[in-house]
Q: 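Provided herewith is a single structure, encoded as structure tokens, for subsequent inquiry.
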Amino acid sequence: MFKTDIENRIIKAGVMAIVRVENVERGQEIAEGCLEGGIDVLEISYTLPNAGDVIKFLNEKFGDKLLIGAGTVLDGLTARLAILSGAKFIIAPNFSREVVHVCNRYQIPYAPGCATVTEMTEVLEAGASFIKAFPISNFYGPSLVSVIKTPLPHMPILASGGINLDNLSTWIKNGVDCVGIGGLLTKGSKQEIALNAKKIRKIIDTTRSM
């Protein structure tokens, strides 16, 4: 899969589940619930030491049905280990030149966290595929997307934090390229996750078609 194919799939999905799990069995439940609800992009967070095992397991279990990436990747070594485990994209709350070098070397999309327009433009110049509006999405809400995209209409924005069923359509209307959602897509039973995933999928598809 080429880098542009991965980027386009993330944009097409419009949403990714942010997953932190203690074991691969729970990871499988979450993945199955997301897939049943029409969401096929998952970010496995390296806040837990088993993230690489979860990424590898889900890739082997679901293949191309899922697009699996790694989150909270703070350094180049972790980025390389995540890629070796099968991560197709890398996301972080910060920007690291080590990480962007590794990702560019292996043609893996990278989305570092940014809080200012200066940071956003600098990370794109360094080779990032997306900017992660973090932690500012929690504070400014959906309006930050239109504020950024008015002077910078081609800025690819991934928002994480502060997104829910009530404001999701506004995020999409304002032009966010993809949103990261945790609790709604990772808590509860597989059936509850699937139900929430269906709601999220419907909101995104309906809003985009307007």
Side-chain angles (χ1 to χ4, degrees), residues 1-20 31 34-35 39-47 51-52 54-56 58-59 62-115 117 119-137 145 148-149 152-161 163 171-172 175-182 185 204 208:
M1 187 180 293
F2 293 107
K3 183 178 181 180
T4 52
D5 296 327
I6 299 170
E7 292 166 346
N8 289 335
R9 186 166 173 181
I10 291 171
I11 293 170
K12 181 179 179 181
V15 59
M16 64 177 64
I18 302 174
V19 181
R20 300 175 180 86
C34 286
L35 277 175
I39 294 173
D40 63 355
V41 182
L42 274 65
E43 170 197 330
I44 310 302
S45 174
Y46 267 79
T47 51
V54 176
I55 291 170
K56 184 177 180 180
L58 293 179
N59 273 316
F62 296 98
D64 291 340
K65 291 181 181 178
L66 285 178
L67 183 68
I68 305 292
T72 322
V73 176
L74 306 180
D75 55 76
L77 176 58
T78 305
R80 177 64 174 142
L81 291 173
I83 293 167
L84 287 173
S85 296
K88 300 300 191 299
F89 58 89
I90 300 292
I91 296 178
N94 66 311
F95 172 62
S96 164
R97 292 200 177 275
E98 282 186 351
V99 175
V100 78
H101 290 162
V102 171
C103 290
N104 287 342
R105 181 180 301 136
Y106 298 104
Q107 290 297 285
I108 297 293
Y110 175 45
C114 300
V117 171
E119 290 177 342
M120 293 173 189
T121 54
E122 287 178 349
V123 301
L124 289 184
E125 291 168 0
S129 295
F130 299 90
I131 68 98
K132 179 180 179 181
F134 179 85
I136 56 176
S137 61
V145 180
I148 294 168
K149 290 210 174 194
L152 300 167
H154 303 298
M155 180 70 69
I157 298 175
L158 190 160
S160 178
I163 299 156
W171 282 98
I172 302 301
V176 73
D177 294 278
C178 185
V179 297
I181 295 180
L185 296 174
I204 292 173
R208 282 179 167 177

Q: If you define the side chain from C-beta out and look only at heavy atoms, does anything of F62 sit under 4.5 Å from I68?
A: no

Q: Locate the shortest heavy-atom distance separating G161 from W171; write the atom from each residue and the value.
A: O-CZ2, 4.4 Å

Q: Side chains of P112 and V99: does their closest heavy-atom pair fall under 4.5 Å?
A: no

Q: Do the non-hydrogen side-chain atoms of V15 and V41 ever get within less than 4.5 Å of each other?
A: no

Q: For A79 versus I90, what's the shortest heavy-atom pair and its separation?
A: O-CD1, 4.3 Å

Q: Indicate yes or no: at least one non-hydrogen side-chain atom of F89 is less than 4.5 angstrom from one of M16.
A: yes

Q: With a 4.5 Å cut-off on side-chain heavy atoms, are K88 and N59 touching?
A: yes

Q: Could you pull out the closest heavy-atom pair between V117 and L152, with the gap in Å?
A: CG1-CD1, 3.6 Å

Q: For residues S160 and K132, report the shortest heavy-atom separation together with the two atoms involved.
A: CB-CE, 3.5 Å

Q: Taking the side chain as C-beta and beyond, is there a heavy-atom pair between V19 and V54 under 4.5 Å?
A: no

Q: Quick check: does any side chain N or O of S137 sit under 3.5 Å from a backbone N or O of A133, one acting as donor and the other as acceptor?
A: yes

Q: To the nearest 0.5 Å, what is the distance between CG on L124 and CE on M155?
A: 5.0 Å

Q: Side-chain contact test, heavy atoms from C-beta onward, threshold under 4.5 Å: evaluate it for T4 versus P109 and give yes or no.
A: no

Q: Would you say L66 and L35 make side-chain contact, with heavy atoms under 4.5 Å?
A: yes

Q: To the nearest 0.5 Å, what is the distance between CD1 on I11 and CG on D177?
A: 5.0 Å

Q: Would you indicate whether K56, at its atom NZ, is surrounded by more than 12 heavy atoms from other residues, nucleotides or ligands within a distance under 6.0 Å?
A: no

Q: Is it the case that T47 and T72 place a side-chain donor and acceptor less than 3.5 Å from each other?
A: no

Q: More than 12 foreign heavy atoms under 6.0 Å from CZ of R97: is that the case here?
A: no

Q: Please answer whether the main-chain N or O of R80 pairs with a side-chain N or O of Y106 as donor and acceptor at a distance below 3.5 Å.
A: no

